[in-house]
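Structure, as structure tokens:
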Amino acid sequence: MLLSRYPESSCDLIRRSHLTDALYLIVLLRVQCLQAFEKISRRQPAQCLQAGMITAVLAYVDFFTASIQRVAVSAVANACKKVPADCSHFVVDSVPTLCNLLQSEDKMVVEKVAACLISIVDSFSSSVDLLDQLCHQGIIEKVLPLIHTGGLTALSPSTCSNLIGLLAKLACSSLVAVKSLFELNVGSTIKGILVTSDLSHGMPYLPLEKQNNQVSEALKLANQLIPSAARGVEDTQIILAKEKIIMDEPRFLCQFSRDILPVLIKAVNSGANSYICYGCASIVNNICYFSKPEMLQDLLKETNIASFLAGLLSRKDHHVLTSSLKIIEILMQKLPDAYLGFFIKEGVVYAVEALLTQEDSSRSTHLLDDIQQSEPQPVIRNKCTCFCYAFDAHRSEAAETRTCMIGNGSLFTFARHVKTTYFTKEVVSSEKGLTEIVQKLKTCCAVLNETTDKSSERENLQNEEYLSTILSEVMMELRGGETMTTFEFLESGLVKSLSNYLSNGKYVQAEENMNCSSDHFLAVVKRFQSFARMSFSRMGQSWSDMLLTLLVRKLQNALTSLDNFPVIMSHNFKPRSNISDIPMRHSTIIPCIRVRFKKDEDETNLSSYDSVVNVEISSSLHTIEEFLWPKVSTDMNSQKAESPPSGPALESYVSDGSLERDSTPQSSPPSEGLICENQNASVEPCPKQGSSSSGQAERNTIIVSDNALQPKLVFSLKGKELDRSVTLYQSILQDQINAGSDIILDMQFWRSVHDITFRIAANPETDRRAPNPEADSPGDSSTAISSKNDSTAGFKWQMLPFFSSMLLGKLPCKLDRSSPLYDILFMLHILEGLNRYSFHLVSDERNHSFAQGTITNLDDLKAVVFSIPQQEFVSAKLTDKLEQQMHDPLVSMSCCLPLWCTELMYACPFLFSFEARWKYFQLAAFGSLKNHHGHIVDAIVNSVTERGSPHSRKKFKVDRDDILVSAAKMMKSYAKSNALLEVEYKEEVGTGLGPTMEFYTLISHEFQKSGLGMWRGDLPCEAGTDDAHISRFVVAPNGLFPRPWSASADCASFQVVSKHFHLLGQVVAKAIKDGRILDIPFSKAFYKLTLGQELNIYDIQSFDSELAISLMEFQAIACRRKYAESNLTRDCQIMSDLTYRGCRIEDLAIDFALPGYPDYMLSGSSSGSLNVENLEEYVHHVVEATVKSGIAKQMEAFKSGFNEVFPLNKLQVFSEDELERLLCGEQDTWDFGKLVDHIKFDHGYTSSSPPVINLLEIIQEFGSHQRRAFLQFITGSPRLPPGGLAALNPKFTVVRKHNSNDADSDLPSVMTCANYLKLPPYSSKEKMREKLIYAITEGQGSFHLS
């Protein structure tokens, strides 16, 4: 009253009285009361509810600080965990207040309120009236925005999942909730969840797993909104009521279906597991059931529902198959004329018939199994998991015991009903099933198959021209106006025919003949050239108009359709302590398989060993042999003399990993005996020695010559000899896949005992090396190809990595060749190589055209190539499967992947995305998944690593003034260490991520300085060079490439260069291993050399275009001369035109020396100058010196240093472009939206704060140089890691800086270890720009406290 009557007295009252103290005391008492309530609510929640505690606590909650609000909400959440029926009115009345708190800016408050509302809904789930009251109180309107796409980052994943589950429970029983959700367009929310969530990662393998999963809960919600077409007795009333809502308001169903139908279909097509597939299929089934024909046709016009159904019918789960058949029946009932043709073209009819054929074969198989049951075997999980109740909103333990709705045999009965009712022979004849284009392709393919390898030498040319014409017709049919479906593409047999044509008949030969004659070699070359010309032909002006693009996309669709590589997930895996017997008795947290070793019945020279032992899943057969041999060998003297070392010696032998290759990511993929293309594959026994391809020979580079290291035992599983390049664990998994069982790595699997038979090994053959096809081919093949290329410096077909596959007609891996998948993979392997080497191939063709006179102008030698982006070769489905497999906790810990992962990664790495291959590389090289700053991602692996390596980080002090010397000392001490290196500088206090990143930037710049003698474009290294010369950088516009050094060069100078390359290899490898970024522009050719690829004349274009053009023109003139000399007519006109742009070669006055390096004299010429006679020889020697012999020792030094850190061959999964991205990061485009999304604003700033908006605008306006300086100021490196700004870890954070009263006088400061910018609130954008540029320019070169 006093204040209202005399407002001017307020200040005096506060100053002269104790009112402030009293208010503080009241607040303090209220806080203490809340804390007391919070403790009481944990023990006596019901009493607190009855006493009206919720109303009291929430009465003034809006006036509390965030910390006090957390206490208040925690007390309410404790009280509401289980709400008694007589206290429901207290809770309902408080719901509006709780809903308002969901808009709080404090995340912890929102999390607590969400938990409270979830508990309330759980308590009220049995009362429809109470659920309706909650809906009327606005709970749906407040919850729904939190779980929209934008809200997923604000709350924890588990809270988001529970909130989605809250809506599902409301929709299950409350019609008010159903109407509200439809009105609020819940379909867009569900769509956002499905789109932003990875449908193949982290999905529960079984519905029984009690996991919080947003996708699973979203599918439950969708299944509750659209009532089931099936009618259960207990839910009939609520289903009928929901059906009435849909029928009364068709717009609800229409809008909902438009939102989620495309996403559901995409989820299934991307390779989601059976659980997710069933959830998606059941929603599609319900939508089709309740939609009227007109609306249904409109909804499905933008989706390929027939292809979707064909994919579902290829699944094994009976629930998925039944839902698919129901959808087919509905569509045939409502829209028979619209979909019958599509079902034929997409193979739906064929899949239904195949399903019935499968029934007949399964019956006969069961009869054989009953007859042939001999001895007990480990229990195989082969029964189907019931999904009938998987998406009920209320799931109880009793629900798990309910009977499956799909009875025995009902699936096949239903399939027969669908076939006899809708797909009768009268309606679907075999002739009608084939379109005109497929019939044409079948005819052409038959001709290719019949005549592809039957030509005699006399008729060879004529036959090749005829086959080329047939091939042209085939390729033109692909470009025809009629759309060819994936099913038709596969049915035509085109893929196998093309493979057979390109391999000159080798592809379909059953025997593995490794000998390649020169005739066969030249036939493959000629056919590939014809195929390449057709593939590069295009109708328009871009790469998307090429026939190659069309064929790749057809093959990718076919791969997606046929793929059924299994993803094997561990069930509720948790690290537990186990005792392992093999490789040695010790405690391990990795699960072990239980094995009983049995002596072969016919074996008489070995003792029995019937004990059950625990074998670590990563143990190879060699390791098992080391354990078993001393125990079963009867000749103890022989044992002492011949048995391999045990104990510490055995441990070092096994850990080396070079003498034997496991099929884990930690080693290269297997070479023999691996069949892993699908669930129906079978593991073949090891073929005879010497029967593998050249590619396989390269995979097993170690040749065991010591008799003591030869295999002593041969192991078998169920009568099949095991491949020694595969771990026993992987062989057991493959055996169960072959048996068609669902592999569930649960306790039942780990408790099963597996019987393995052993016998003594026969004497191995002397030569274990697989023959090389090029080496085994007749000696004249190299002569033939040389004459074909017309130049010793020309293009060598043997240099193409994929060419040996064409020559041998097989992939460099052991997949089942009888599978249609093999055909697809083989052609993709060839096409990817064709695309990658398109510039080489087109340039080589232009060269021959000039030689033959088709091209007369040297300017026309320039090749204009349209290559397909590598992303076109990536299989999204296989990438998702590999990602899911690698994220399995057991794989993350043990690094044991299924065989198909390693097989495909070796033969066809391009099928997987760069991100997936980067994770695979982390597992293969280092045994863990890390981010780009070296932090281990997986929590389980992290805990294990920290326990296993207490000294996981090493600090090293660096001298800024002598970076190279410091780096050499660092690498000498820690190159072979697994420790994560951190740098600190002398006389500076900074340490951690920022200084370390800057060190790798500084060392990158040191290697680019002139005077080191390392790179092309560098000045000669001379004594007495001044400092000004040393400070300059090598000018290399196209990237750095090693400078050639001749064999006669100064040994001392070259030794220094060699040491620098050795150090460079160490630094590059350590940067990759630790996740650091280098700022060094290597050329593309240098990366190819790093990956072990051989360079040729066309690769010079990538680092010295002027030299490359001159050499290619000289080569073309030399080829024309040879062509004229070899021509019987001796065309005088051609001989007289052998000039270089009108000038005689002799008049060019070119010395026979390496261009740019006059001291590097080329050997092999008696004359000192260039002429038309030695032109070809000159080109050969220049190319040899530039990309081969002249740089060989430098690259050897580089690789030697690299291999000290980790094996260089682990990088083989990357291309040269990807290797640059891995090592040097990427230049990200910074638009405003991306900056807002990937920068965190905290401690006084939000995304809408004026200083923040000014900062983002300034960053966008930066040029390239200023952006690099800004990045180095923030992170220590001028480049972003792979993935760009989003991949920065820690996340780039901007906070408000409070230092002085005048913000305009302060400078911004950073904590580079945390990517943390402290930005004063400058008065204007201009002042901020001035201070920021000053800081990033002058603030480099030291780390101090900010």
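From a predicted model like this one, the values you see are computed outputs, not experimental measurements.
Residues N223 and G279 come closest through the heavy atom pair ND2-O, 3.8 Å. Residues M827 and V495 come closest through the heavy atom pair CG-CG1, 3.6 Å. Of all non-hydrogen atoms in V567 and M569, the two that sit nearest each other are CG1-SD, 3.5 Å. Considering all non-hydrogen atoms of both residues, S492 and C445 come closest at O-SG, 4.0 Å. Of all heavy-atom pairs between V128 and S173, the closest is CG1-O, 3.6 Å. Across every non-hydrogen atom of G187 and F256, the tightest pair is CA-CD1, 3.7 Å.
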Is there a side chain to side chain contact (heavy atoms under 4.5 Å, CB included) between S216 and Y275? Walk through the geometry before answering. CA-CA 9 Å; S216 179; Y275 175 53; 2.9 Å; yes
Set out, in order, the CA-CA distance, both residues' side-chain angles and the distance that settles side chain to side chain contact (heavy atoms under 4.5 Å, CB included) for D563 and I824, then state yes or no. CA-CA 10 Å; D563 161 51; I824 304 297; over 6 Å; no
Test side chain to side chain contact (heavy atoms under 4.5 Å, CB included) on T189 and D259 and set out the steps. CA-CA 9 Å; T189 301; D259 285 332; over 6 Å; no
Given L911 and L559, is the side chain to side chain contact (heavy atoms under 4.5 Å, CB included) satisfied, shown in steps? CA-CA 10 Å; L911 291 174; L559 178 63; 3.9 Å; yes
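Looking at E346, its side chain never comes within 3.5 Å of a backbone N or O of F487 through a donor-acceptor pair. The closest donor-acceptor contact from the side chain of S323 to the backbone of H319 lies under 3.5 Å. Formation of a donor-acceptor pair under 3.5 Å by the T485 side chain with backbone atoms of K345 is found in this model. In this structure a side-chain-to-backbone donor-acceptor pair under 3.5 Å is present from K881 to F565. Of the possible donor and acceptor atoms, one in the side chain of D888 sits under 3.5 Å from a partner among the backbone N and O of S570. The main-chain N or O of A171 is never found under 3.5 Å from a side-chain atom of S174 such that the two would form a donor-acceptor pair.
Contact check on K496 versus D823 returns a salt bridge, with a Lys/Arg side-chain nitrogen under 4.0 Å from an Asp/Glu carboxylate oxygen. Under a 4.0 Å N-O distance rule, the pair D735/K720 does not qualify as a salt bridge. A salt bridge links K301 to D298: one of the charged nitrogens lies within less than 4.0 Å of a carboxylate oxygen.
By the neighbour-count criterion of 12 heavy atoms within 6.0 Å, atom OH of Y339 is densely surrounded, having more than that number from other residues, nucleotides or ligands. Counting heavy-atom neighbours within 6.0 Å of Y350 OH, excluding the residue itself, gives a total of 12 or less. Environment of CZ in R751: sparse, with no more than 12 heavy atoms of neighbouring residues, nucleotides or ligands closer than 6.0 Å.
Shown here are the ring-ring contact (aromatic ring centres under 6.0 Å, His included) partners of F252, two or more places apart in sequence or in another chain: F182. Residues passing the side chain to side chain donor-acceptor pair (under 3.5 Å) test with N285: none are found, sequence neighbours excluded.
At a threshold of 4.5 Å between non-hydrogen side-chain atoms, the residues T303 and F308 do not count as touching. Between L904 and L825, some side-chain heavy-atom pair lies under the 4.5 Å cut-off. At a threshold of 4.5 Å between non-hydrogen side-chain atoms, the residues M332 and T421 do not count as touching. Side-chain contact between L331 and F343 is present, with heavy atoms from C-beta onward closer than 4.5 Å. Contact of the I305 side chain with the F342 side chain is not registered, since no non-hydrogen atoms from C-beta on lie closer than 4.5 Å. Counting heavy atoms from C-beta on, the side chains of L312 and L321 never come closer than 4.5 Å. L300 has its side chain out of reach of L335: every pair of non-hydrogen atoms, C-beta onward, lies at least 4.5 Å apart. Using a 4.5 Å heavy-atom threshold, the side chains of L340 and Y422 count as separate.
The distance from the CG atom of L181 to the CD atom of Q224 is 11.0 Å, given to the nearest 0.5 Å. Interatomic distance, CE of M295 versus CZ of F290, reported as 11.0 Å (0.5 Å rounding). The distance from atom OG of S324 to atom CZ of F414, rounded to the nearest 0.5 Å, is 10.0 Å. In this structure, NE2 on H754 lies 11.5 Å from OG on S731, to the nearest 0.5 angstrom. The OG1 atom of T413 sits 9.5 Å away from atom CG of L356, with the distance rounded to the nearest 0.5 Å. For the atom pair CG of L194 and CG of L219, the computed distance is 6.0 Å after rounding to the nearest 0.5 Å.
Sorted by first then second residue, the salt bridge (Lys or Arg N to Asp or Glu O under 4.0 Å) pairs that include residues 329-338, not counting sequence neighbours, number zero.
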